[in-house]
Participant: 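Dumping the structure here so I can ask a few things about it.
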Amino acid sequence: MQSRLINIHKKLLKHFGRQHWWPGETPFEIMVGAILTQNTNWGNVERAINNLKQAQALNPQKMVESKASNVECWIKPSGYFRAKTKKLKIFCGWLLKNGGVPGVGGWGLGELRRELLGIWGIGPETADSILCYALGKKSFVVDAYTVRIFNRLGLIKTKDYHEIKKIFENDLPRNLKLYQEYHALIVALGKNYCKPKPACENCPVKSLCSD
DNA sequence: ACCCAGGGTCATA
DNA sequence: TATGACCATGGG
């Protein structure tokens with residue numbers, strides 16, 4: 001399995017090139033993006049983040065202090081704007097209480113991951129995205145594309161998040177840039193070739209990933 | 001007019 | 001444990 005996963009990464013890298021993820025300028029912006037992109041097209045998230053920047057609200061303090069109706073207005077393009085406003089406010093409250101980005105950045109991976117998962121609105125993928133891309137922790141991110149693609153390739157036969165995460169983390173070299181690049185490439189692959197319907201027979205993914 | 005998107009929570013069986 | 005409803009905007 002090990003050589004398969006690494007081999008697939010190599011092929012994807014060759015085909016798509018480096019993705020330079022996460023698209024965001026600061027760790028906090030990456031964290032906000034990780035929450036806003038939940039089940040949402042990235043283009044819509046960019047509009048929301050631009051609104052926050054324009055309002056000079058892209059910092060934890062302002063996020064907590066601002067009226068909910070204002071935050072809702074800024075992030076409206078990213079959808080689920082009421083739910084996500086609540087998530088952002090709760091998350092930023094937690095962040096401030098714990099010394100901001102520098103404060104939580106010093107924690108160990110295991111402890112920090114459990115903390116994040118304890119926050120309302122932060123599930124496994126959002127937590128791992130924050131860990132891996134905002135804080136540089138070696139925590140592999142699994143998403144719907146990963147589940148779909150690797151099941152279709154026949155390399156896994158489970159949809160369980162943590163099972164799949166372990167498969168990747170056990171088999172891949174423990175390398176941050178590899179974790180970051182691999183997940184980004186999986187998203188590139190999923191966006192371009194691996195739609196839910198139809199589940200194509202001659203899926204380009206298979207030839208792309210075959211030996 | 002449909003399906004989909006870089007999920008997560010909650011209620012129900 | 002495992003489905004289903006719900007959250008909501010914008011692109012194809």
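Order of the sequence lines fixes the chain letters, A, B, ..., with proteins taken first and strands second; residue numbering starts at 1 for each chain. Hydrogens, waters and symmetry mates play no part in the numbers below; they use all other heavy atoms, side chains included.
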Participant: To the nearest Å, how far apart are Ile49(A) CD1 and dG6(B) P?
Facilitator: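 Atom CD1 in Ile49(A) sits about 14 Å away from atom P in dG6(B).
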Participant: Dot-bracket for DNA chain B: what is it, with Watson-Crick or G-U pairs under 3.5 Å, [ ] where a pair crosses earlier ones, and | for a pair to another strand?
Facilitator: .||||.|||||||
Participant: I need the CG-C1' distance between Asp143(A) and dG6(B), as an integer number of Å.
Facilitator: 6 Å
Participant: Would you mind telling me which of dG7(B), dG6(B), dG10(C) lies closest to the side-chain atoms of Ala144(A)?
Facilitator: dG7(B)
Participant: Taking CD1 from Ile149(A) and P from dA5(B), how many angstroms apart are they, rounded to a whole number?
Facilitator: 11 Å
Participant: If you find the nucleotide of DNA chain C closest to Ala83(A) and the one closest to Asn41(A), which residue's nucleotide is nearer the 5' end?
Facilitator: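 The residue mapped nearer the 5' terminus is Ala83(A).
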Participant: For dG6(B) and dA5(C), measure between their C1' atoms and round to the nearest Å.
Facilitator: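 Between the two C1' atoms, the distance is 23 Å.
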Participant: Of the options dT9(C), dC7(C), dA5(B), whose atoms approach the side-chain atoms of Tyr80(A) most closely?
Facilitator: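 That would be dC7(C).
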Participant: I'd like to know if Lys137(A) and Asp128(A) make a salt bridge, using a cut-off of under 4.0 Å between side-chain N and carboxylate O.
Facilitator: no
Participant: What class does the angle between the rings of Phe168(A) and Tyr182(A) fall in, given that below 30° is parallel, 30 to 60° is tilted and above 60° is perpendicular?
Facilitator: perpendicular
Participant: Considering just the side-chain nitrogens and oxygens of Arg148(A), establish if one lies under 4.0 Å of OP1 or OP2 belonging to dA5(B).
Facilitator: yes
Participant: Do nucleotides 8-13 of chain B as a string where each nucleotide becomes B, S or -: B if the base has a protein heavy atom under 4.0 Å, S if just the sugar-phosphate does, - if no protein is that close.
Facilitator: SSS---
Participant: Measure CG/Asn192(A) against P/dA5(B) and give the value in whole Å, please.
Facilitator: 12 Å
Participant: With the criterion set at under 5.5 Å between ring centres and under 30 degrees between planes, would dA5(B) be stacked on Trp42(A)?
Facilitator: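 Stacking is absent between dA5(B) and Trp42(A), given that the ring centres and planes do not meet under 5.5 Å and under 30°.
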Participant: Tell me if the NZ atom of Lys53(A) is crowded by more than 12 foreign heavy atoms within 6.0 Å.
Facilitator: yes
Participant: Is a side-chain N or O of Gln180(A) found less than 3.5 angstrom from the main chain of Cys132(A), in a donor-acceptor match?
Facilitator: yes
Participant: Please state how far atom OH in Tyr145(A) lies from atom P in dG7(B), giving the value in whole angstrom units.
Facilitator: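 Going from Tyr145(A) (OH) to dG7(B) (P), I get 7 Å.
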Participant: Return the nearest nucleotide to the side chain of Arg47(A); candidates are dA8(C), dG6(B), dG10(C).
Facilitator: dG10(C)
Participant: Are the aromatic rings of Trp94(A) and Trp120(A) close, with centres under 6.0 Å apart?
Facilitator: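 Trp94(A) vs Trp120(A): aromatic centres not under 6.0 Å.
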Participant: Please report, rounded to the nearest Å, how far the P atom of dG7(B) is from the CG atom of Leu116(A).
Facilitator: 17 Å
Participant: Quick check against the 3.5 Å criterion: does Thr126(A) have a side-chain atom that pairs as donor or acceptor with the backbone of Ile122(A)?
Facilitator: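 No, Thr126(A) side chain to Ile122(A) backbone: no donor-acceptor pair under 3.5 Å.
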Participant: Would you find a donor on one side and an acceptor on the other, under 3.5 Å apart, between the side chain of Arg174(A) and the backbone of Glu169(A)?
Facilitator: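 It does not hold such a pair.
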Participant: Using atom types as modelled and distance alone, determine if a side-chain donor or acceptor of Asp143(A) lies under 3.5 Å from a backbone N or O of Val187(A).
Facilitator: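 Side chain of Asp143(A) to backbone of Val187(A): no pair is present.
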Participant: Can you tell me whether the side chain of Asn39(A) and the base of dG7(B) have a donor-acceptor pair closer than 3.5 Å?
Facilitator: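 Flag set: donor-acceptor pair detected.
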Participant: Among residues 176-185 of chain A, which contact DNA chain B at a heavy-atom distance under 4.0 Å?
Facilitator: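 Close to the strand, none.
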Participant: Between Phe140(A) and Lys165(A), is there a cation-pi geometry (under 6.0 Å to ring centre, at most 45° from the normal)?
Facilitator: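 No cation-pi geometry.
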Participant: Suppose you measure atom P in dC3(B) against the same atom in dG4(C); what distance do you get, rounded to whole Å?
Facilitator: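 Roughly 16 Å separates the two P atoms.
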Participant: Please determine, by modelled atom types, if Lys84(A) and Thr40(A) share a side-chain donor-acceptor pair under 3.5 angstrom.
Facilitator: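 A pair is found: one side chain offers a donor N or O, the other an acceptor, under 3.5 Å apart.
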Participant: Without decimals, in angstroms, what is the distance between Lys159(A) NZ and dG7(B) C1'?
Facilitator: 15 Å
Participant: Using whole Å, what does the distance between atom P of nucleotide dG10(C) and atom NZ of Lys191(A) come to?
Facilitator: 17 Å
Participant: Are the side chain of Thr37(A) and the backbone of Gly33(A) linked by a donor-acceptor contact shorter than 3.5 Å?
Facilitator: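 Judged by distance alone, no pair lies under 3.5 Å.
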Participant: Step by step, would you call Tyr80(A) with Gln38(A) a side-chain contact (heavy atoms from CB on, under 4.5 Å)?
Facilitator: CA-CA 9 Å; Tyr80(A) 305 128; Gln38(A) 288 174 358; 5.8 Å; no
